[in-house]
A.B. asks: 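Dropping a structure here in structure tokens format, bear with me for questions.
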Amino acid sequence: MLKTSDSEAIHDLRTILIRGLTGGLQGKADSNLIEDFAQETVLKVLAGINSYRGEGKLLTWALAIGMRVSYSELRRSRYKDVSLDAIESAGRFAMEPFFDRTSTLDSADSPSILAILKDLIATILTPRQREAILAELDGIPQVVIADRLGTNRNALYKLGHDARVKLKQGLIDAGKSVDDVRELIIDAS
Amino acid sequence: MQLNELNNEKLSSLVEMIRLTKPEELTCDDLLAYVATYADACVKDLPVPVGSEPVQQHLSICSECMEEFQSLVNVLRLR
């Protein structure tokens, strides 16, 4: 059972969170939503208080969690009616080499660099890694992708990280550095 | 999105993300454990705390954590 002082502390925390989230979200959510976000944040803070490392101020840590909670819900809400196709289509294309010679990024000097990158995406990534990377590049929020892939944002980040590591190594193995590709993009833009 | 819809802008974003990729990175949840110290230092214009490179690296690659971080810093500056 909570002591009176605990209840007061929680009440104070909730008040501070409401004020902070109202300022931080800058009109992205109404007062009712912000109260809900603050309430959910209080629960997460209480559940995670034992993992608080004591680094930084406790209120800053709580506000950081509040921003995570709020933005996640706002992003979910923004995409709740978006078709699943946007995510699912990314994993459906054939797992075979993909050579696109029509891009403006291809040039006489580096005729294959874009093809190599696309080929790597098509061949060395797992379907889930490909779905995650392409959906994220399409601007779909991580929390939405994670919900639809049946995972969470943290695991999705790891999935994307593993994909990026593979692509980086794949470019190196193909004799291309990331800077080669980047230079080509800058030249083409 | 299909692979053949990967236009220059999206490809450019991907390349930048690959360029910034490190073998070991903080995840979004890991970031929450460290971001308070970093945010407090940013707000007070203090030197970047020792060991903040992984925090900066994650923020440079994860646009959603960066959006949340910027809102956090804005709030702290108002207090």
Side-chain angles (χ1 to χ4, degrees), chain A residues 20-21 23-26 48 51-53 55-58 60-61 63-68 70-71 75 86 89-90 92-93 98 100 103-105 114 117-118 121-122 130 133-135 137-138 141-143 153-158 160-161 164-165 167-168 171 178-179 181-182 185-186 188-189, chain B residues 1-44 49-52 55 57-58 61-79:
Chain A
L21 294 177
L25 296 175
Q26 296 181 321
S51 67
Y52 172 58
R53 298 165 52 89
E55 295 181 9
K57 291 180 182 168
L58 180 64
T60 306
W61 177 70
L63 277 168
I65 292 173
M67 292 304 170
R68 171 71 54 88
S70 304
Y71 273 103
R75 289 168 187 144
S89 65
R92 281 203 298 260
F93 63 84
F98 183 103
D100 176 2
S103 169
T104 56
L105 289 179
L114 176 62
L117 186 54
K118 285 188 170 180
I121 295 170
R130 195 161 45 240
I133 285 279
L134 294 181
L137 287 174
D138 224 10
Q142 290 178 14
V143 68
R153 176 167 161 183
N154 208 50
L156 183 75
Y157 188 86
K158 288 180 184 170
H161 174 248
R164 285 184 277 111
V165 168
L167 291 172
K168 193 168 193 171
L171 284 171
V178 174
D179 286 337
V181 182
R182 196 171 176 229
I185 290 169
I186 291 168
S189 60
Chain B
M1 181 175 70
Q2 298 282 354
L3 190 58
N4 57 12
E5 294 171 326
L6 199 54
N7 61 26
N8 289 8
E9 185 186 349
K10 289 171 182 169
L11 187 67
S12 179
S13 297
L14 177 60
V15 167
E16 187 61 8
M17 288 169 70
I18 294 171
R19 190 181 70 82
L20 294 168
T21 295
K22 303 285 185 193
E24 301 292 331
E25 295 181 1
L26 295 181
T27 65
C28 301
D29 284 354
D30 294 335
L31 185 82
L32 279 178
Y34 299 97
V35 76
T37 307
Y38 185 64
D40 284 334
C42 287
V43 169
K44 292 174 186 164
V50 174
S52 292
V55 173
Q57 191 271 345
H58 183 93
I61 234 169
C62 181
S63 60
E64 294 179 20
C65 281
M66 177 57 97
E67 183 178 31
E68 294 160 18
F69 173 75
Q70 286 173 336
S71 288
L72 174 64
V73 167
N74 288 341
V75 168
L76 296 177
R77 289 208 163 113
L78 290 173
R79 296 180 73 207

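Naming convention: chains lettered A, B, ... in sequence-line order (proteins, then strands); numbering from 1 in each chain.
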A.B. asks: Is B:Glu64 reaching over with its side chain to a backbone N or O of A:Gln142, donor-acceptor style, under 3.5 angstrom?
C.D. replies: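 Between the backbone of A:Gln142 and the side chain of B:Glu64 there is a qualifying donor-acceptor contact (under 3.5 Å).
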A.B. asks: How close do A:Tyr157 and B:Cys62 get, heavy atom to heavy atom, and via which atoms?
C.D. replies: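 Closest pair (atom of A:Tyr157, atom of B:Cys62, distance): CE1-CB, 4.1 Å.
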A.B. asks: Under a 4.5 Å heavy-atom cut-off, does chain A meet the side chain of B:Pro23, its backbone, both or neither?
C.D. replies: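 For B:Pro23, the backbone is the part near chain A, not the side chain.
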A.B. asks: Taking the side chain as every heavy atom from C-beta outward, state whether A:Leu117 and B:Val15 have any atom pair closer than 4.5 Å.
C.D. replies: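 Touching, per the 4.5 Å side-chain cut-off.
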A.B. asks: Using modelled atom types and a 3.5 Å cut-off, is there a donor and acceptor pairing between side-chain atoms of A:Asn154 and backbone atoms of B:Thr27?
C.D. replies: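 No; judged by distance alone, with no hydrogens or angles, the pair does not exist.
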A.B. asks: What residues, two or more places apart in sequence or in another chain, satisfy side chain to side chain donor-acceptor pair (under 3.5 Å) together with A:Ser70?
C.D. replies: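 For A:Ser70, no residue satisfies side chain to side chain donor-acceptor pair (under 3.5 Å) once neighbours in sequence are set aside.
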A.B. asks: Among the options A:Gly160, A:Ala64, A:Gly48, pick out the one with the most heavy-atom pairs lying under 4.5 Å from chain B.
C.D. replies: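 Sorted descending by pairs with chain B, the first entry is A:Ala64.
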A.B. asks: Grab the two heavy atoms, one from B:Leu14 and one from A:Ile121, that are nearest each other, plus how far apart they are.
C.D. replies: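 Minimum heavy-atom contact is CD2-CD1, 3.7 Å.
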A.B. asks: Side chain to side chain contact (heavy atoms under 4.5 Å, CB included) between B:Asp29 and A:Arg68: does it pass, once the steps are laid out?
C.D. replies: CA-CA 10 Å; B:Asp29 284 354; A:Arg68 171 71 54 88; 3.5 Å; yes
A.B. asks: Considering only heavy atoms and a distance below 4.5 Å, find which of B:Leu78, B:Ile61, B:Leu76, B:Val35 pairs most often with chain A.
C.D. replies: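 Heavy-atom pair counts peak at B:Ile61.
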A.B. asks: Atom CG of B:Leu11 and atom NZ of A:Lys118: how far apart are they, to the nearest 0.5 Å?
C.D. replies: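 Going from the CG atom of B:Leu11 to the NZ atom of A:Lys118 covers 7.5 Å.
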A.B. asks: Please find the pair of heavy atoms, one from A:Gly20 and one from B:Val75, that lie closest to each other, and give the distance.
C.D. replies: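 Looking at all heavy atoms of both residues, the shortest contact is O-CG2, 3.0 Å.
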A.B. asks: Would you find a donor on one side and an acceptor on the other, under 3.5 Å apart, between the side chain of A:His161 and the backbone of B:Thr21?
C.D. replies: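 No.
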A.B. asks: On a heavy-atom basis, which atom in A:Gly24 and which in B:Ser71 lie closest, and how many Å separate them?
C.D. replies: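 Looking at all heavy atoms of both residues, the shortest contact is O-OG, 3.4 Å.
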A.B. asks: Taking all non-hydrogen atoms of both residues, which atom of A:Lys168 and which atom of B:Arg19 are closest, and how far apart?
C.D. replies: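 In terms of heavy atoms, the two residues are closest at NZ-O, 3.3 Å.
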A.B. asks: Side chain, backbone, both or neither: which part of B:Glu16 has a heavy atom under 4.5 Å from chain A?
C.D. replies: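 The side chain, not the backbone.
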A.B. asks: With a 4.5 angstrom heavy-atom cut-off, is it the side chain or the backbone of A:Lys158 that approaches chain B, or both, or neither?
C.D. replies: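 Interface part for A:Lys158: side chain.
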